[in-house]
Structures are given as C-alpha cells and as structure tokens.
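Presented below is the structure to which this report refers.
Not measured: the values here are computed from a predicted model. FYI, side chains are in, hydrogens and waters are out, and symmetry mates aren't considered; it's all heavy atoms of this structure. Protein chains get the first letters and strands the later ones, always in sequence-line order, with residue 1 at the start of each.
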Amino acid sequence: MTVDSRRIFTLKQADTEPGTVVYWMQRDQRAGDNWALLYAQERAIALQQPLMVVFCLVPGYLGATARQYGFMLKGLAVAARRLSRYNIPFTLLHGLPQDVIPRFLVEYGAGMLITDFNPLHVPMNWQKRLAERVEVPFYEVDAHNIIPSRFISDKQEYAAFTLRKKVERLLPEFLTEFPLLVKHPDFPDSAEVPATDWAEVMKSLQADRAVPEVDWLVAGETAAVGSLSDFIGSRLDQYETGRNFPDRKGQSDMSPYLHFGHLSPQRLAMEVRQNEADPGSRKAFLEELIVRRELADNFCLYNASYDRFSGFHAWAQASLNKHRDDPREYCYSLDTLEEGRTHDPLWNAAQFEMVSKGKMHGFMRMYWAKKILEWTASPEEAMEAAIFLNDKYELDGRDPNGYAGIAWSIGGVHDRPWGERKIFGMIRYMNYQGCKRKFDINAYISPNRKS
DNA sequence: ATCGGCTCGCGCAA
DNA sequence: TGCGCGAAGCCGAT
C-alpha cells in the first residue's frame, strides 16, 4: 500500500463492486502530490478499473466572490489539463455534491468514491449527505495535512505547544516523498467525458463581481511551484525576522495556493527543510506551515463553534462577558469598517491592502481583528464582521487558518490570558503604539492608501 | 534598551 | 499535587 492507512477515513462502508473509481476533488485542487488522488489511483489499478475526477461548482459557497472563484477556476483548469496527460478525465459538475454526484456515479458505473479532507461545516455536511445517498464504498483521504488531522489528535488541542509535541514525534513518519502519479492504464470501461469550457463557466458564474480578481498572483499548480521557488530563493533566508514586519515583503505569499490546494504543504515543507537557507528561518517557516496551519484544521475539526463566540475558552468568554458593557470610544458599523473609514490610518491601510490585493500581511491580520473587537458593539458582532470581511476579500478566505486566526485575535483561542483591561478583558491586547515601536508604519500606510 | 508581571490551565514529573 | 511554561504584547520600572 503506497498511501498510509492513517490518512484514510471511511465515510461509507460497502462491499467493493467492480466499477470506475471516482475522486471527488474538493480542497486539494491539484494533480501533483495529492494523497487522495494517489489513493484513488492505487485502488483503481489494483481493481483494474478506470479513474475519474469530479469537482462540484456550488454557486454562492460561503459568500465567495469573483475574486476567489476566478482564482479557483483557473487553478482547476490547470489541474484538469494535467490530469488529462495522465489519462484521468476531469468533469466539472454544477450543483450540490449530494445532488449531482450520485447521478454521476450511476451514469459512469462507479464502484468506489474517494474525496479529500476539509473540516469546515459546509463541506462536512455535503460529505455527510452524500454518504447517505451513495451505495459504493466512500473514503476520505487527508491530502491537506502533513500529519492527518483525524489521526494526530482526537480532540481540540489547547494550544500550539500541545500539538507541537505530537507533530515532532510523528513528523519523521509522515514527512516523506510522494509516490508518483502514473499514466492511468486504458481499462475496458474507460469513458470519454466532454471537455470543460472554462471561459463559458467563468462567464456564467454567479458571484459578486464587485470584488474583482487580482493579477499579482497566478493561479494553479504550475505557478504555485514557480512562486515557491521564488520564495525559497529570495526570501526564505530572512524569513525569521522579515515575516513580522508589514513594511517589508518578508512573507511567503503561499497561503492562497495552500488554501486552494494548488500546492501541497508536504511538498513545501520538504523543499524548505532540504534547503540551505538560514536554519532559524527554516525553523520559523516550518513552525507556521506545519504546527500553526495544522492546529487550525484541528480547531475547526473538533470545535463546532469555530466561527462563533461560544467556541472560545471558558475563561475568555467569562472575561469578555464581564466587559460586555464597557463603553466603546469608537463604535463602527460594518460599512464604515468595510470602506476603511475609521480614525486609524494604520487599520484603514490594512483594510485597503486586503480589499485591493486579496491578501493582508499576517501581522496586520492580528491588529486588524483585535481593533474590530475594540470598535464594535459586542464580541459576537466583531466575530461576524471580521469573518465577513475576511471571507469576502481574502484570496484565502473560508480557510481554517482564517477562522483560527480571528478566534485567536478576538477570543484568545490557542493563546493565554493577559492583564485585564477595558473591552478586551484578559484577551491579549494590541495597539497602534506597539506597531509604531515595531515597524515603520508609514512605509506600510503609504502604498495602502485609498486613492 | 531590557525585564518582569499580567493570568489560566495543560501536561508531565513526582 | 506541584510546577513550568505558553501564537506574534503592553506597560511601567529600571
């Protein structure tokens, strides 16, 4: 067996019947370095069956906009092209997975269904409904985490340090080279599928076009690998210090690729580990890429309230409740926040960076979210506003990282309590003064000013 | 410029 | 049961 069984979770137990193996691609939108696809091929070849890939395009998914749909569809087109070279047909289905996939399975005589892992509510529910409606064995393969999320822990981890210990123990077993995808053999029942007209799909898409696509980052697994080389070659060496300074370009800019699965985190981790850049910088990057990113999946997998006040630790809820009625010096509406018209030029710049570029600097994301807590009527409203704006404008919106980051900022999730103060209670505080001490705020504000 | 305290609870050692 | 220490900070004392 080439794919570790600890990556695999059974969604529907059923006898294996002969028939095409179908990979329902969700989160890991790539042909290369994809454990779910590799497992599907492994099973297909063992059973002497054809292999097909489907993706379900669901309009209005969690408020996604033209910016995110555009990036995703371009990446999918790349993946479909690559898959065809491996003799694996790709089909884009329109509609809810539980409605369209069962029909597809019947139409192509499928004998097995495989998907990848996504801990968010909406895709988990799709998966559940679909499992109720299929007759064939249905497996989930974690192609997103280096150490499979369901395996590394069976509960919500308290903080990074509790997960880190487990990561350190298990990493040698899981951070290994991928087997190669092979050109799929022509088995008797191999089917032809109509080619996807990507231009037409883009044109007919129902998505908010007021949030346009961006042109600074090219979608797809080919571009992702190029972008990875660029980061490793030019910025990895200074990553340890550079990443936390919003006035410099020190971040990897990999998160949109990781979010859509255009790039495998495992590939990225291997490339960074084998590189000869500064050891401190490599360690810092791997900490963020592995421990903190996989901690976010753990949080969403085991905390059903990952996007709400009720998902915070008891101490944080109690503390925020105690300060619920504290007067707010500034209290902004969602519109004012969205338009970046607060009294704080640094916050407005962060908002503008996100709106125009589709990616806010990581350090500023913390400051940005904490100020939303300070400047809205309640922590619930703060959560809602932060998530709404994040998901509307960020290329990597609707990602566990986003929910975990916002819950960290507003609700102290994975953090510890700090000195009690107005509004925040014991939630870690951040302020303008601190940013001013830390970096050249004007160098960040100037290029991110609304013209 | 640097340092300790802030405040809670997990996980491990004993 | 005790104890060390923790996702990115702030603030006041030295």
Side-chain angles (χ1 to χ4, degrees), chain A residues 152-170 238-248 250-252 255 258 280-281 283-300 302-303 306 311-323 326 329 344 346-347 350 359-374 386 390 396 399-441 444:
Chain A
I152 192 168
S153 179
D154 57 5
K155 60 166 203 278
Q156 184 190 332
E157 292 294 328
Y158 187 74
F161 73 93
T162 59
L163 186 71
R164 190 178 300 116
K165 279 194 280 252
K166 299 177 182 179
V167 167
E168 281 166 1
R169 194 175 71 240
L170 291 163
Q238 290 85 42
Y239 185 78
E240 189 174 17
T241 44
R243 74 189 147 136
N244 262 334
F245 290 86
D247 52 334
R248 306 180 203 166
Q251 298 218 300
S252 71
S255 71
L258 295 173
S281 284
K283 189 161 178 272
F285 184 78
L286 291 171
E287 163 75 13
E288 301 211 1
L289 176 70
I290 307 174
V291 176
R292 298 187 197 176
R293 196 181 48 78
E294 304 201 352
L295 182 62
D297 264 33
N298 168 273
F299 175 59
C300 293
Y302 294 116
N303 189 324
Y306 59 75
F312 302 166
H313 287 305
W315 66 262
Q317 290 192 43
S319 187
L320 286 166
N321 279 333
K322 193 174 156 195
H323 293 273
D326 288 355
E329 189 179 354
D344 176 354
L346 183 58
W347 192 94
K359 189 168 178 300
M360 189 192 299
H361 192 281
F363 183 86
M364 294 309 297
R365 291 191 191 201
M366 300 187 284
Y367 177 78
W368 175 86
K370 283 182 181 291
K371 291 296 127 180
I372 295 178
L373 170 63
E374 191 173 345
N390 181 77
D396 59 7
D399 191 279
N401 280 303
Y403 299 118
I406 289 169
W408 179 86
S409 302
I410 295 175
V413 167
H414 301 142
D415 202 8
R416 63 198 246 211
W418 298 85
E420 191 165 3
R421 60 162 62 231
K422 296 278 178 219
I423 304 171
F424 284 79
M426 291 184 296
I427 304 298
R428 182 196 300 257
Y429 180 65
M430 287 177 77
N431 67 0
Y432 187 84
Q433 285 304 320
C435 293
K436 224 161 85 176
R437 272 197 301 272
K438 190 182 174 70
F439 64 95
D440 180 358
I441 55 170
Y444 177 73

task = Show the numbers, then the answer: is there a ring-ring contact (aromatic ring centres under 6.0 Å, His included) between A:H414 and A:F299?
result = CA-CA 9 Å; A:H414 301 142; A:F299 175 59; 5.5 Å; yes
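- Across C:dA7 and B:dT2, the matching C1' atoms stand 22 Å from one another, rounded to whole Å.
- Using a 4.0 Å heavy-atom distance criterion, A:D415 is classed as a sugar-phosphate-only contact.
- Of the candidate nucleotides C:dC10, B:dC6, B:dC8, B:dC6 has the atom lying nearest to any side-chain atom of A:W418.
- Residue contacts for A:R243: at a heavy-atom cut-off of 4.0 Å it reaches no nucleic acid atom on any strand shown.
- Looking at heavy-atom distances under 4.0 Å, A:M426 makes contact with sugar-phosphate atoms alone, never a base.
- Closest to the side chain of A:P417, out of C:dA7, B:dT7, C:dC10, is B:dT7.
- Checked against the 6.0 Å centroid criterion, the rings of A:F439 and A:F245 do not qualify as a close aromatic pair.
- As a whole-Å value, the separation of A:F161 CZ from B:dC8 P is 16 Å.
- Under the Watson-Crick and G-U wobble criteria, each requiring two contacts below 3.5 Å, nucleotide B:dT7 is left unpaired.
- An OP1 or OP2 oxygen of B:dG11 is reached within less than 4.0 angstrom by a side-chain nitrogen or oxygen of A:K155.
- Rounding to whole angstrom units, NZ of residue A:K165 and P of B:dG11 are separated by 7 Å.
- Using a distance-only test at 3.5 Å, with no hydrogens or angles considered, a donor-acceptor pair links the side chain of A:R365 to the main chain of A:M360.
- Residue A:R437 is classed as a sugar-phosphate contact, given heavy-atom separations below 4.0 Å to backbone atoms only.
- Here the P atom of nucleotide B:dG9 and the CD atom of A:E157 are 17 Å apart, to the nearest Å.
- Rounded to whole Å, the distance from CD on A:E420 to P on B:dG5 is 19 Å.
- When the P atom of C:dG6 is taken as reference, atom NE2 of A:H313 falls 16 Å away, rounded to whole Å.
- As a whole-Å value, the separation of A:I427 CD1 from B:dC8 P is 12 Å.
- Residue A:N431 places at least one side-chain N or O closer than 4.0 Å to OP1 or OP2 of C:dC11.
- When rounded to the nearest whole Å, the span between CH2 of A:W315 and P of C:dG6 equals 16 Å.
- As rounded to whole Å, 12 Å separates atom P of B:dG9 from atom CD of A:Q317.
- In this structure, C:dA7 forms no base pair with any nucleotide, since neither Watson-Crick nor G-U wobble geometry is met with both distances under 3.5 Å.
- Checked against a 6.0 Å centroid threshold, the rings of A:H313 and A:Y158 count as neighbours.
- Regarding contacts with the backbone of B:dC6, every side-chain N or O of A:R416 stays at 4.0 angstrom or more from both OP1 and OP2.
- Note on A:K371 versus A:E374: salt bridge recorded, some NZ/NE/NH1/NH2 to OD/OE distance being below 4.0 Å.
- A:R164 comes within 4.0 angstrom of the backbone, heavy atoms only, and of no base.
- Between A:W418 and A:R416 the shortest side-chain heavy-atom distance falls below 4.5 Å.
- Here, C:dG9 and B:dG9 have their P atoms 23 Å apart, quoted to the whole Å.
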